[in-house]
Colleague: 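Sharing a structure, written as structure tokens. Questions coming.
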Amino acid sequence: MKTKMSRRAFLRTAGSLTVVLPALELTHGTAWAETPERVAKRFVSFFSHGGYTTARGTDGALQSIGSFFGYDLWRPPYETETLTTLGEEMLPLEGAADQLLILRGMVNRAGILQGEYGGGHGFANCTALTANNVSVLTRPDSEKYQSAEGPSIDQVISERLMAKSPTPFARIDLAIDGHNYGTPYFAAARQPIDGEGNVRNAFDRIFAGVSPEGPSPEMERLRLHKKSVLDGVMAGFASFKKNLSRADDLRVQAHFDHIRALERRIDSLGGLECTVPTRSDPRPAEFTGPILADIIVHAFRCGLTNVATLNVADITTPWTTAPLSERGLVSYDIGHSLHHFLRDLAPGGANDNDRDRNDWRTEMVANRQWRLSLLRRIMDGLAESSDGAAGSMLDTSIIYFTSEFSRGEQHTCNEPPVLIAGGGGGTIRPGRQINYNTRGAGTQPMQTDASLHNLYTTFLQAFGETDTHFGNDDAWHTGPLTLT
């Protein structure tokens, strides 16, 4: 017999930290039982700034290595629909191909039609997740900037899910800060969202129920007395523990152990300030990136939210293999400079030699693989979490990985990386790659009618919505894509 307990009663029992095992259906069971059988439950938007390494130019055509060093390190080596091998930059996801869906031949139609030279930083960022119109505004200092005229897809999904299954947080927005050229996340027209990059603040706010303005006095008291915030929760947990089966009891205890370990990892940072990575000290991202990924997993496990975003700046990663940066050849010490350096490697360029080409490739691949290792961390965490009869939490979730560009040095919105992980409750059939470019792998410009407008309509329908369009009117056609 299923134990019935309202969310309010659970909050009173568990104290300030809401912890719930999703498989027990104590908080989500009733709400989700009223939804269709094939429906997604959770959404993660993982945005990696700067693009990945493709050979797709601004005109939509593939460029050869000889003419422009058009490396394509993102594309899987084989054109088969069944996904068996991954591109070089995706290797951290090796072994999980059966949980991945790669979409190629996609176009950010809103970005191409509005931005300079087929994209541009501001226009590409503003349209990447909104597929909407962009306004050029002026700051008080007369500097111009771009802003989207509509919400990003994650915001819309979070609002819809809150109406169906309320959670303490409609969404959690996290970030690895750096030089981003803007944000792709918008709460509404001209309302950009900046994610939290300080892991202490994120942990205190999400897991201790404190306000964003500062740490909770209770949390500080617990820390001063060298107690875990979980101690108070465990005391409350004992009052309803007797209603659990032995198997559920063990799984809940394991869940508490995971949360306690996460808290200890944050405390172990000691005096390290988790601030915006700088040129002189970019180390925080090395340590905080995995913790931010874990916070997302545990927030889902605790039933605190159904939507999370991770906004990863285009930073350099000197803790990985970075021979080009170590030689002082990456200007401004920002990740986007790695893309622009590709121009100098072309025949006749300033760095037209094998050593620089090899060092560039080594560093770029390591940089992009580190970001995808964070995605893998989220995937593995959800795959290890049961969602009852529906399978794992990865089976019932949609994780969407993308960027504003496909090829950073050309700032092109043609064929940005589109990677989906998870089964979306049966609305996504992973283990495949779909190429919407009817010209296949040829060097001619793409021929496609698949826009991000259509993909985001697909996401909405995966969550049980009836929308037939998302974004502005720049799409070739309305309606969803078929991903089952």
Side-chain angles (χ1 to χ4, degrees), residues 11 14-20 44-47 167-180 183 185 193-234 255-305 307-313 315 317-319 370-371 373-375 377-378 381:
L11 289 172
S16 62
L17 177 60
T18 308
V19 180
V20 59
V44 180
S45 171
F46 189 127
F47 195 87
T167 53
F169 297 95
R171 51 188 284 140
I172 58 171
D173 298 295
L174 305 176
I176 295 175
D177 296 313
H179 194 68
N180 287 353
T183 177
Y185 295 107
I193 297 174
D194 293 318
E196 175 62 70
N198 185 305
V199 295
R200 294 183 188 278
N201 289 348
F203 184 88
D204 288 352
R205 174 173 176 264
I206 296 168
F207 294 104
V210 302
S211 66
E213 285 74 27
S216 160
E218 176 66 9
M219 174 65 85
E220 290 302 297
R221 185 187 70 78
L222 289 170
R223 281 181 174 166
L224 286 173
H225 289 82
K226 300 189 182 302
K227 295 180 180 179
S228 166
V229 67
L230 291 173
D231 293 339
V233 180
M234 290 299 289
H255 179 53
F256 275 105
D257 291 342
H258 280 298
I259 293 288
R260 192 185 296 276
L262 176 60
E263 184 181 50
R264 287 171 178 166
R265 285 173 56 210
I266 293 174
D267 285 340
S268 71
L269 292 175
L272 178 65
E273 291 295 328
C274 302
T275 56
V276 176
T278 63
R279 288 191 293 272
S280 60
D281 187 8
R283 289 177 298 171
E286 177 184 3
F287 298 102
T288 62
I291 294 178
L292 292 175
D294 289 349
I295 285 175
I296 290 174
V297 171
H298 289 297
F300 283 153
R301 286 177 175 175
C302 294
L304 297 176
T305 188
V307 177
T309 69
L310 182 58
N311 194 8
V312 180
I315 58 174
T317 54
W319 57 88
W370 178 79
R371 302 177 190 202
S373 72
L374 302 182
L375 176 67
R377 195 177 187 95
I378 296 173

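No hydrogens, no waters, no symmetry mates; every other heavy atom, side chains included, goes into these values.
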Colleague: Please assess N311 against N180 for the test side chain to side chain contact (heavy atoms under 4.5 Å, CB included), listing each intermediate value before the final yes or no.
Modeller: CA-CA 9 Å; N311 194 8; N180 287 353; 4.0 Å; yes
Colleague: Could you report the tightest heavy-atom contact between T167 and F169, atom names first, then the distance?
Modeller: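 Looks like OG1-O, 2.7 Å.
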Colleague: Using 0.5 Å steps for rounding, measure from the CG atom of L374 to the CD1 atom of I291.
Modeller: 11.5 Å
Colleague: If you round to the nearest 0.5 Å, how far is CG of D177 from CG of D194?
Modeller: 8.0 Å
Colleague: Apply side chain to side chain contact (heavy atoms under 4.5 Å, CB included) to residues F287 and V199 and explain how you reach the verdict.
Modeller: CA-CA 10 Å; F287 298 102; V199 295; over 6 Å; no
Colleague: Of all the heavy-atom pairs spanning A285 and W370, show the shortest one and how long it is.
Modeller: O-CZ2, 3.3 Å
Colleague: List the steps, then state whether side chain to side chain contact (heavy atoms under 4.5 Å, CB included) holds for L375 with R377.
Modeller: CA-CA 5 Å; L375 176 67; R377 195 177 187 95; over 6 Å; no
Colleague: So, taking the atom named CD1 in I378 and the one named CZ in F46, what distance separates them when rounded to the nearest 0.5 Å?
Modeller: 6.0 Å
Colleague: Would you check if the side chain of N198 reaches a backbone N or O of N201 as a donor-acceptor pair within less than 3.5 Å?
Modeller: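 Yes: the side chain of N198 pairs with the backbone of N201.
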Colleague: Calculate, to the nearest 0.5 Å, the distance between atoms CD1 and CD belonging to I206 and E196 respectively.
Modeller: 8.5 Å
Colleague: To the closest 0.5 Å, what do you measure between CD (E286) and CD1 (I176)?
Modeller: 11.5 Å
Colleague: Could you state the interatomic distance from CZ (F203) to CG (L292), rounded to the nearest 0.5 Å?
Modeller: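 Between atom CZ of F203 and atom CG of L292 there are 12.5 Å.
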Colleague: Would you please test I295 and L174 for side chain to side chain contact (heavy atoms under 4.5 Å, CB included) and show each step?
Modeller: CA-CA 9 Å; I295 285 175; L174 305 176; 4.0 Å; yes
Colleague: What are the two closest non-hydrogen atoms of G303 and P168, and how far apart are they?
Modeller: O-CD, 3.7 Å
Colleague: I'd like to know if the side chain of T305 and the backbone of V307 have a donor-acceptor N/O pair within less than 3.5 Å.
Modeller: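 Side chain of T305 to backbone of V307: a pair is present.
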Colleague: Using only atom types and a distance under 3.5 Å, with no angle test, would you say the side chain of T183 pairs donor to acceptor with the backbone of I193?
Modeller: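 Here the side-chain-to-backbone pair exists.
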